[in-house]
Protein chains: 2
Amino acid sequence: MKRSSRLSLALHALVHLHKQPDEAITSATLAQCLMTNPVVVRRVLGELREAGIVTASKGHEGGWRLLCPAGEISLRQVYAAMGESLLIRTESDPGDIECGIVRTVNSVMGDFLADAEALLAARLERVSIADIARQASPNPLHPHGAINHG
Amino acid sequence: MKRSSRLSLALHALVHLHKQPDEAITSATLAQCLMTNPVVVRRVLGELREAGIVTASKGHEGGWRLLCPAGEISLRQVYAAMGESLLIRTESDPGDIECGIVRTVNSVMGDFLADAEALLAARLERVSIADIARQASPNPLHPHGAINHG
DNA sequence: AATGATGTAACAATAAAAGTTACATGAAAC
DNA sequence: GTTTCATGTAACTTTTATTGTTACATCATT
């Protein structure tokens with residue numbers, strides 16, 4: 001895994017959980033699907049658990065499940081749950097603050113980013129996990145659309 | 001300096017150049033203002049030079065100057081010149097591409113980010129370096145800022 | 001020529017993210 | 001109640017991106 005891809009990981013995992021609603025999926029299995037480590041999966045899904053999107057059960061037949069239908073899980077919820085921003089912070093060192101120009105640049109960019117953040121959230125609200133799953137395999141009857149990837 | 005702050009650095013430098021239009025400012029001087037290193041300044045301003053926003057002259061009395069009035073330099077131009085995105089890339093490893101779900105997640109997020117990028121650019125277009133300079137230290141004598149034409 | 005600036009390569013230091021190991025905790029099966 | 005298997009989490013290592021630094025070639029001006 002290379003970049004800041006926790007959001008991607010989360011979305012990917014959620015689609016898998018959506019596609020297999022009958023039984024819980026373990027971190028180890030998901031890790032194989034996502035080509036990463038079980039602990040990384042737990043870290044990411046742990047945030048989704050705290051946000052009430054998924055649930056985890058221990059022991060035999062344990063693992064992860066969705067807590068609500070995939071059509072009701074918006075990307076905005078997932079995004080918010082991850083506690084990270086799609087926007088890069090542009091602020092400079094606190095030490096620079098004594099310079100009025102730096103303060104203003106930080107302020108202008110801060111306002112701008114806050115604005116942009118709200119805009120992004122509004123757009124993410126419109127897409128659900130089910131939308132992604134649908135797009136991943138539009139027609140389950142067609143062979144290459146219906147493969148159970150993993 | 002901590003984070004991805006090249007855009008902030010660029011804006012800060014441009015405001016300084018705007019405020020001292022009579023003489024060129026050296027990388028060393030700017031580095032002091034921006035609390036960073038002369039080479040870093042050259043790297044950042046070098047991109048602005050390639051974008052036609054500033055010019056650099058060598059030798060005695062050399063340094064950096066604006067190529068056009070600060071009121072005509074939009075943050076979008078500066079943003080584009082930096083060749084970086086305010087949006088974090090969310091794609092996973094190329095190795096993951098064999099999985100249809102990963103492809104779809106990457107595709108969905110890619111489309112979304114491209115869309116968002118255009119939106120950000122449109123908003124950055126509306127703010128100029130002069131706007132930031134004005135906000136940093138409003139000039140009581142010239143409330144609208146002196147247009148440096150020629 | 002001497003001076004003083006940029007341009008750039010090469011490397012070091014730093015910080016952020018992800019990967020890994022190890023183990024405690026809890027739930028279900030036997 | 002013991003065993004088994006899963007999560008929860010801490011601690012550490014590895015990797016990657018960014019920035020900082022040094023060094024020096026290049027070029028313009030005096």
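Lettering follows sequence order; numbering is per chain, from 1.
Atom CD1 in B/I88 sits about 14 Å away from atom C1' in D/dT16, given to the nearest Å. Atom-to-atom, CD of A/E23 to C1' of D/dC5 comes out at 15 Å; the value is rounded to the nearest Å.
Residue pairs meeting the salt bridge (charged side-chain N to carboxylate O under 4.0 Å, His left out) criterion with at least one member in residues 24-36 of chain A: none, sequence neighbours excluded. Annotation: side chain to side chain donor-acceptor pair (under 3.5 Å) contacts involving residues 52-71 of chain B, sequence neighbours excluded, comprise B/S27-B/W64. Sorted by first and then second residue, the salt bridge (charged side-chain N to carboxylate O under 4.0 Å, His left out) pairs with a member in residues 17-34 of chain B form an empty list; sequence neighbours excluded.
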Check the interface with nucleotides 21-23 of chain D: list each N/O to N/O pair with the protein under 3.5 Å, or write none.
from	atom 1	to	atom 2	distance (Å)
D/dT21	OP2	B/N37	ND2	3.3

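Every residue two or more places apart in sequence or in another chain that forms a side chain to side chain donor-acceptor pair (under 3.5 Å) with B/T26 is listed here: B/T29. In this view, A/R49 satisfies the salt bridge (charged side-chain N to carboxylate O under 4.0 Å, His left out) rule with no residue, not counting sequence neighbours. In terms of the salt bridge (charged side-chain N to carboxylate O under 4.0 Å, His left out) criterion, A/D111 has no residue partners (sequence neighbours excluded). Here A/R76 pairs with A/E125 under the salt bridge (charged side-chain N to carboxylate O under 4.0 Å, His left out) rule; sequence neighbours left out.
Proximity of residues 49-64 of chain B to DNA chain C (heavy atom under 4.0 angstrom from any strand atom) is restricted to B/R49, B/A56, B/S57, B/K58, B/G59, B/H60, B/G62, B/G63, B/W64.
Here A/S5 reaches the OP1 or OP2 of C/dA18: one of its side-chain N or O atoms lies under 4.0 Å away.
Between B/H16 and B/L34 there is a side-chain heavy-atom pair separated by less than 4.5 Å.
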